[in-house]
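Below is one structure, written out as structure tokens, with a few remarks after it.
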Amino acid sequence: MKFSIATWNINSVRLRMPIVEQFLVRYQPDIICLQETKCQNDLFPSKPLRALGYEHIIVHGQKGYHGVAIASRLPLSEDHRQDYCGVGDARHISAIVQHNGRRIRLHNFYVPAGGDEPDRSINPKFGHKLDFVEEMKALHAEREPGVSSILVGDLNIAPLENDVWSHKQLLKIVSHTPVETEGLLEVMKRGAWLDLMRQNVPESEKIYTWWSYRAKDWAAADRGRRLDHIWSSADLGLHLEGIDILKEARGWTQPSDHVPVTARFSL
DNA sequence: ATGGTTGGCTACCAA
């Protein structure tokens, strides 16, 4: 049986419902995980999502900033939200999804961007990001017996050399500094997570999921970064059919600066 | 080296 899950930093879900609907109608993922919804729970646009068949919706929002949500055609249960760093930000939501007799724990993350200066002594936002990543190291893909795991989201770190347009030029740029990339690789290693995008595309090839709003012509410059990720426990890696990075969505009307990434499984 | 753009919400901050 087919099973697919998409992740998209939507940068205001209310503003971008037209392109969310366009994506769901055209590509029909079973589940969509959103980040940066920037919307309180009672204002979340559940109705149009339900109308498209996404009847199971869990949200963790706050006013103005951050916010994560999961909308699913399959039942969700045992949902929870972890307050990473104990600062009250809405940056994580999790639930168990049931598919074809299998139970999958799904985590949806929005890791702090970390500001501009990659030095925690002068930039507390960078310190917060490092602390957040440190706390993620405790999350293991095989934590619950008999339950597989998927972790998705905007992790705001491009860990590999070909996850950025120029490794050399970005080494001191927040999202690609060694302390961040090593930290994220340690999260994967300690938690036994598989990088599904890199299982699908060799490390020698460039992959981007984000292109800055600040470029004059994002497509011509093509200075992207892979900030969005889909990880899984080892058992699910065997069932991955493919990964789709919808670069085209960066050129849609009033786009997010991130594009949707979808993992397709046969399970 | 610098500045570039976007969104939310209030007269700036975060990204």
Side-chain angles (χ1 to χ4, degrees), chain A residues 7-23 33-45 59-69 83-85 87-92 108-120 122-133 152-159 163-166 168-177 179-181 183-184 208-229 246-261:
Chain A
T7 179
W8 197 2
N9 176 318
I10 202 62
N11 188 14
S12 173
V13 67
R14 286 173 292 172
L15 185 70
R16 279 186 242 289
M17 268 317 278
I19 60 170
V20 171
E21 293 181 74
Q22 178 170 314
F23 173 68
C33 296
L34 299 170
Q35 304 88 34
E36 269 204 280
T37 52
K38 293 187 173 177
C39 157
Q40 286 170 303
N41 292 346
D42 56 341
L43 299 174
F44 188 84
V59 294
H60 186 204
Q62 65 184 87
K63 188 176 181 179
Y65 305 101
H66 324 314
V68 285
D83 182 2
Y84 282 76
C85 302
V87 292
D89 286 354
R91 294 184 180 273
H92 169 262
N108 179 16
F109 276 96
Y110 175 47
V111 173
D116 288 332
E117 194 57 58
D119 178 349
R120 72 182 307 155
I122 55 173
N123 172 19
K125 285 187 278 192
F126 192 69
H128 178 213
K129 182 178 196 175
L130 298 182
D131 293 343
F132 194 105
V133 169
V152 306
D154 176 6
L155 305 185
N156 266 315
I157 298 173
D163 291 341
V164 293
W165 62 275
S166 167
K168 243 182 140 173
Q169 286 179 257
L170 289 177
L171 274 170
K172 290 179 179 170
I173 302 297
V174 172
S175 74
H176 195 62
T177 65
V179 63
E180 293 169 86
T181 59
L184 196 69
Y208 312 140
T209 65
W210 172 91
W211 291 261
S212 173
Y213 283 130
R214 295 175 189 179
K216 277 193 188 81
D217 183 338
W218 70 273
D222 200 24
R223 294 182 166 188
R225 305 179 201 169
R226 181 169 74 117
L227 302 181
D228 304 275
H229 298 268
L246 193 64
K247 183 174 181 181
E248 166 199 314
R250 184 63 180 79
W252 287 355
T253 310
Q254 217 175 17
S256 168
D257 45 357
H258 296 252
V259 299
V261 182

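On a predicted model such as this, the values are computed, not experimentally measured, just so you know. Chain identifiers are assigned alphabetically (A, B, ...) following the order of the sequence lines, protein sequences preceding nucleic acid strands; residue numbering begins at 1 within each chain.
- Base pairing in DNA chain B gives the following stems of 3 or more Watson-Crick or G-U pairs, range against range and under 3.5 Å: B:5-8 with B:12-15.
- Separation of the P atoms belonging to dG7(B) and dG3(B) is 22 Å when rounded to the nearest angstrom.
- Take the nearest nucleotide of DNA chain B for Tyr213(A) and for Val13(A): the residue whose nucleotide is more 5' is Tyr213(A).
- When the C1' atom of dT6(B) is taken as reference, atom NE2 of His258(A) falls 11 Å away, rounded to whole Å.
- Only the P atoms considered, dA14(B) is 14 Å distant from dC9(B), to the nearest whole Å.
- The main-chain N or O of His92(A) is found under 3.5 Å from a side-chain atom of His60(A) such that the two form a donor-acceptor pair.
- OP1 or OP2 of dA14(B) has at least one side-chain nitrogen or oxygen of Lys125(A) nearer than 4.0 Å.
- Distances shorter than 4.0 Å separate none of the side-chain N or O atoms of Arg250(A) from OP1 or OP2 on dT6(B).
- Using a 4.0 Å heavy-atom distance criterion, Arg225(A) is classed as making no nucleic acid contact.
- Spacing between atom CZ of Arg16(A) and atom P of dG8(B) amounts to 7 Å, rounded to whole angstrom units.
- Taking atom NZ of Lys38(A) as the reference point, atom P of dT6(B) lies 13 Å away to the nearest angstrom.
- If you take atom P in dA1(B) and the same atom in dC13(B), they sit 26 Å apart, rounded to whole Å.
- Taking the six-membered ring for Trp and the full ring otherwise, Phe23(A) and Trp8(A) have centroids separated by under 6.0 Å.
- The shortest heavy-atom contact between Ile157(A) and Lys129(A) is CG1-CE, 3.7 Å.
- When heavy atoms are screened at a 4.0 angstrom cut-off, Lys63(A) is found touching the sugar-phosphate backbone but no base atom.
- Nucleotides dT10(B) and dT6(B) place their P atoms 22 Å apart, quoted to the nearest Å.
- Straight-line distance from the CD1 atom of Ile10(A) to the P atom of dT6(B): 16 Å, rounded to whole Å.
- On the P atoms, dA15(B) is 23 Å away from dT2(B), given to the nearest whole Å.
- Without hydrogens or angle criteria, Arg16(A) side chain to Ile10(A) main chain gives a donor-acceptor distance under 3.5 Å.
- The His66(A) side chain lies nearest to dA15(B) when the options are dA15(B), dG8(B), dT5(B).
- Between the CG atom of Leu34(A) and the P atom of dG7(B) there is a distance of 16 Å, given to the nearest Å.
- OP1 or OP2 of dT6(B) has not a single side-chain nitrogen or oxygen of Gln254(A) nearer than 4.0 Å.
- Atom CG of Asp116(A) is separated from atom P of dG3(B) by 12 Å (rounded to the nearest Å).
- Between Arg120(A) and Asp131(A), at least one side-chain N (NZ, or NE/NH1/NH2) sits under 4.0 Å from a carboxylate O, which counts as a salt bridge.
- The separation between Glu36(A) atom CD and dA14(B) atom P is 13 Å, rounded to whole Å.
- Between Tyr84(A) and Phe109(A), the ring planes are perpendicular. Angles over 60° get that label, and only those under 30° would be called parallel.
- When each of Gln40(A) and Pro112(A) is assigned the nucleotide of DNA chain B bearing its nearest heavy atom, the one mapping closer to the 5' terminus is Gln40(A).
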Apply salt bridge (charged side-chain N to carboxylate O under 4.0 Å, His left out) to residues Lys125(A) and Asp116(A) and explain how you reach the verdict.
CA-CA 9 Å; Lys125(A) 285 187 278 192; Asp116(A) 288 332; over 6 Å; no
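- Taking atom CZ of Arg14(A) as the reference point, atom C1' of dC9(B) lies 10 Å away to the nearest angstrom.
- The backbone N or O of Asp228(A) lies less than 3.5 Å from a partner atom in the side chain of Thr209(A), making a donor-acceptor pair.
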